[in-house]
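For reference, the structure is listed below as C-alpha cells.
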Amino acid sequence: MSTINFEEIFETKLAKNEMIEPKDWMPDNYRKHLIRQISQHAHSEIVGMLPEGNWITRAPSLRSKIVLLAKVQDEGGHGLYLYTAAESLGISRDEMLDALHTSKAKYSSIFNYPTLTWADVAAIGWLVDGAAIMNQVMLQRTSYGPYSRAMIRICKEESFHQRQGYEAMTRLAFGTPAQKSMAQDALNRFWFPTLMMFGPPDKESPNSDNAVKWRIKRETNDELRQRFVNQTVPQIEYLGLNLPDANIKWNEAKNGYDFSEPNWVEFKNVINGNGPCNKERLNARVNAHKNGEWVRAAAAAYAKKLDDQTLAA
Amino acid sequence: MNHHFKYLLRLADNSLINAQCLCKWTGHGPFLEEDLALTNIALDILGRSKLLLEHAALIEGNGKSDDDLAFHRSEREFLNTKLVEQPTPDYAYTIIKQVIIDSFDLNLYKELSKSKDDVLAGIAAKSIKEITYHYRHTSSWVNRFGLGTEESNQRAQNALNELWRFTGELCETDETDEWAIKNGIGCSVENFKASWQTQLKNLFNESNLTIPENTFMQTGGKNGIHTEHLGYILAEMQTLPKAHVGATW
C-alpha cells in the first residue's frame with residue numbers, strides 16, 4: 001500500500017508556484033503564520049477606517065465627502081475580504097475580533113497617529129496608502145489562494161486611493177498659503193511614521209526565512225523603504241513642498257536617496273500601545289462592537305424565529 | 001425666492017442632511033457588513049444631494065455652485081424637514097428614521113420621475129432604483145428589531161415614539177408645492193399619502209410595533225425654522241469652507 005506524503009505535495013506546489021487552497025493539506029506553522037498575518041491585516045483595514053473617518057462629516061466639498069466616504073467604505077470592504085480569507089483557515093470572526101479587542105492581535109501602527117487637519121486625510125491617501133501598496137503588491141502572488149485573490153482586488157483599490165490622496169494634496173499644495181502650510185505640516189508629521197510602516201531595519205528584523213519560502217514576503221524591509229523614498233521625493237518636489245527630512249540627498253553611488261532613520265524608540269512605543277491614539281482607536285472598536293451587541297442579538301433571534309417557522313411548516 | 005429653486009432646494013437639503021447624519025456611523029456600525037451597507041446608503045443619498053444642488057444652483061442662475069449652497073448657507077436658509085436632522089442615539093433610531101424617509105421617498109421620487117423638469121425626472125428615475133434597495137434594507141431591520149428580542153423591540157418602539165411627531169411635515173403643502181404641482185415640476189403628496197401611511201402601518205404592525213396615536217405634529221423645517229440640532233450639524237459640516245473662504249478643495 002502506498003502512502004501519500006502530504007508535506008511533499010505541499011512543497012511541490014510551492015516549488016511550482018501553485019496556489020495552496022483551503023482544503024489542501026498545509027503545515028501547522030504555515031496555517032498559524034497566515035492566520036496571524038491575514039487577521040492583523042484585516043484589523044489594520046478596520047482600524048484604518050477611523051483616522052480618515054474622523055473627517056467624513058467635515059470634508060470641505062461635496063465631491064471630497066463622496067470620495068472620502070467611498071474610500072473609507074473600501075477599507076471596510078478590504079477588512080471583510082481578509083476576515084473571510086482568514087476564516088477559510090479555520091478561525092472564526094469572533095475569535096479574531098476578540099483578539100483585537102483584548103490587544104492580543106496587533107494592527108498597523110500608523111493608525112495610532114491622529115488626523116488633526118484635512119491635509120492629514122490627503123497625506124494618508126498619498127503616503128500611507130502608497131507605502132501599503134509597496135508592502136502589498138508582492139502579496140498578490142502569495143502562496144495561499146484566498147489571500148492572493150483578496151490582495152489582487154485590494155491592490156487595485158489601494159492604488160486608486162493613493163491617486164485620490166495625491167490629488168487632494170495637489171489641491172492643497174497649489175492652493176492658498178494656509179492650505180499649503182496645512183499640506184506641509186501633514187507631510188512633516190506623517191513622513192517618519194510612514195517610513196516605519198516597512199518595519200524595523202533588516203539588521204534587527206527577525207528571521208523571515210519561512211515567510212520568503214512561503215511567498216508571503218519577497219523583499220526586505222529596507223529594500224521596500226528605499227524604494228518608497230525614491231518614489232516619493234520627486235512627488236514632494238513636484239508639489240513644491242519642503243522635504244520633511246534635512247538629510248534627504250540623492251546618492252549617485254546607490255542610485256537612490258539617502259535619508260534619516262525613523263525614531264525606532266517611538267516605533268516600539270507605538271507598537272506597545274503608547275502611541276498618541278492607541279487607546280482611542282481601540283476604544284472606538286470596542287465601543288462599536290459593544291453598542292452593536294443588541295443589534296446582532298436581534299438579528300440572530302429573528303433568524304432563529306424564521307428557521308423555526310420554516311421547520312414547523 | 002424662486003419657487004422652482006426652492007422646491008429643488010428642499011429636496012436637496014433633505015438628502016444632504018440625511019446623508020450627513022448617516023455618515024457618522026461609518027467605521028462604528030454594529031458589525032462590518034452592516035457598516036458597509038449603511039455607508040452605501042449614505043453614499044447614494046449624498047450623491048443625490050449633489051445632483052440636486054447642482055441643478056438647484058443652475059435654476060437659481062446667479063453663478064453659485066453646489067458647494068456654495070451646501071457650505072455657505074446658514075441654519076435659517078436650510079429647507080430640510082425636521083425629521084432628517086434628528087439625532088440617532090442608537091441604531092434603532094437610525095433604522096426607524098431611515099425607514100420612514102425611504103418609504104416616503106420611494107413614493108415621492110416615483111412621482112417626480114414624471115416631472116416636466118427633465119433633470120429632476122432623471123435624478124428621480126436613478127433614485128428610485130437606489131431607494132428600492134434602501135427600503136428593502138431598512139424595512140428588513142424593522143422586522144428584526146420588532147420581532148427579534150425584547151430589548152430590540154423596546155428600542156425600536158422608543159425611536160418610533162420619539163420620531164413620529166416629525167412625520168406630519170413630510171406631507172405639508174404650501175405655495176411653493178402648489179406652484180410646482182401646477183407647473184408639472186413637482187407632485188402632490190396627496191397622490192400617495194394614504195398608501196404611504198398604510199405601507200408604514202402594515203410594516204410596523206407586522207413587526208409588533210405601534211405608531212403612536214394622537215401625536216402633535218412638529219412643523220417648520222421646510223421654511224427654515226429648525227430644531228436646535230441643525231446648527232450643530234452645519235457647524236461641523238461647514239467648518240473648513242467657512243474658515244478658508246475662497247479656497248478650493
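Chain A is the first sequence line, chain B the second, and so forth, proteins listed ahead of strands; every chain is numbered from 1.
Between chain B and the residues A/A288, A/G53, A/A284, the largest count of heavy-atom pairs under 4.5 Å involves A/A288. Ranked by non-hydrogen atom pairs under 4.5 Å with chain B, the options A/H289, A/R63, A/K65 are led by A/K65. When each of B/D35, B/L36, B/N40 is checked for heavy-atom pairs under 4.5 Å with chain A, B/L36 comes out on top. Comparing B/L43, B/I233, B/L147 by how many heavy-atom pairs each has under 4.5 Å with chain A, the most go to B/L43. Interface remark: of the candidates A/L80, A/L172, A/V72, A/L80 forms the most heavy-atom pairs closer than 4.5 Å to chain B. Counting heavy-atom pairs under 4.5 Å between each of B/E150, B/M237, B/R155 and chain A puts B/R155 at the top. Per-residue heavy-atom pair counts under 4.5 Å with chain B were compared for A/R285, A/E52, A/R93, and the maximum is reached by A/R93.
Interface remark: B/N153 contributes no atoms to any contact with chain A (heavy atom separation under 4.5 Å). Proximity to chain B is absent for every atom of A/M169, based on heavy atoms less than 4.5 angstrom apart. Both the backbone and the side chain of A/L69 come within contact range of chain B, with heavy atoms under 4.5 Å apart. Looking at B/Y91, the atoms closer than 4.5 Å to chain A (heavy atoms on both sides) sit in the backbone and in the side chain alike. Both the backbone and the side chain of A/A299 come within contact range of chain B, each with at least one heavy atom under 4.5 Å from a heavy atom of that chain. Using a 4.5 Å cut-off between heavy atoms, B/T248 touches chain A through its backbone atoms (N, CA, C, O) alone. Contacts between B/A42 and chain A at a heavy-atom distance below 4.5 Å involve backbone atoms as well as side-chain atoms. Only the side chain of B/H244 comes within less than 4.5 Å of a heavy atom of chain A; its backbone N, CA, C and O stay farther away. Neither the backbone nor the side chain of B/I95 has a heavy atom closer than 4.5 Å to any heavy atom of chain A. At a 4.5 Å heavy-atom cutoff, A/F174 makes no contact with chain B through either its backbone or its side chain. When heavy atoms are compared at a cutoff of 4.5 Å, A/I46 approaches chain B solely by way of its side chain, counted from C-beta outward. With a threshold of 4.5 angstrom between heavy atoms, A/K304 does not approach chain B through any atom at all. For a residue to count as touching a neighbouring chain, one of its non-hydrogen atoms must lie under 4.5 Å from one of that chain's; by this rule B/L16 touches chain A with the side chain only. Both the backbone and the side chain of B/A247 come within less than 4.5 Å of a heavy atom of chain A. For B/W25, no part lies under 4.5 angstrom from a heavy atom of chain A. B/A243 does not touch chain A: none of its heavy atoms, backbone or side chain, sits under 4.5 Å away. For A/A59, the part lying near chain B is the backbone, with the side chain staying farther off; criterion is any non-hydrogen pair under 4.5 Å. Interface remark: B/D66 contributes backbone and side-chain atoms alike to the contact with chain A (heavy atom separation under 4.5 Å).
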For this session: Assess whether side chain to side chain contact (heavy atoms under 4.5 Å, CB included) is satisfied between B/E54 and A/L62, documenting all intermediate values.
Result: CA-CA 10 Å; B/E54 278 169 10; A/L62 292 167; over 6 Å; no
For this session: Go through A/Q73 and B/T26 one step at a time and tell me if the side chain to side chain contact (heavy atoms under 4.5 Å, CB included) criterion holds.
Result: CA-CA 7 Å; A/Q73 190 199 29; B/T26 300; 5.7 Å; no
For this session: Let me see the working for A/Q179 and B/W249 under side chain to side chain contact (heavy atoms under 4.5 Å, CB included), right down to the final yes or no.
Result: CA-CA 9 Å; A/Q179 284 177 304; B/W249 308 89; 3.4 Å; yes
Problem set entry | Verdict with reasoning, B/H28 to A/L50, per side chain to side chain contact (heavy atoms under 4.5 Å, CB included) | CA-CA 8 Å; B/H28 305 274; A/L50 300 171; 3.6 Å; yes
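For A/G79 against B/L32, the heavy-atom pair with the smallest separation is C-CD2, 4.0 Å. Closest non-hydrogen pair, A/A298 versus B/F145, comes out as CB-CD2, 4.0 Å. Taking all atoms of both residues into account, the shortest heavy-atom contact from B/G148 to A/A301 is O-CB, 3.5 Å.
Annotation: side chain of B/T149 is not in contact with side chain of A/W294 (no heavy-atom distance under 4.5 Å). Between B/D90 and A/N291 the shortest side-chain heavy-atom distance does not fall below 4.5 Å. Put simply, the side chain of B/E34 does not reach to within 4.5 Å of the side chain of A/R296, judged on heavy atoms. At a threshold of 4.5 Å between non-hydrogen side-chain atoms, the residues B/K50 and A/I66 count as touching.
Atom CG of B/L22 sits about 11.5 Å away from atom CD1 of A/I56, to the nearest 0.5 Å. Rounding to the nearest 0.5 angstrom, the gap separating the OH atom in A/Y302 from the OG atom in B/S140 is 8.0 Å.
With a 6.0 Å radius and a threshold of 12 heavy atoms from other residues, nucleotides or ligands, A/E167 has its CD atom above the threshold. Summarising the local packing, NZ of B/K242 is surrounded by more than 12 heavy atoms from other residues, nucleotides or ligands at distances under 6.0 Å. The local environment of CZ in A/F160 is sparse, with at most 12 non-hydrogen atoms from other residues, nucleotides or ligands closer than 6.0 Å.
Judged by distance alone, the side chain of B/Q20 and the main-chain N or O of A/T57 form a donor-acceptor pair under 3.5 Å.
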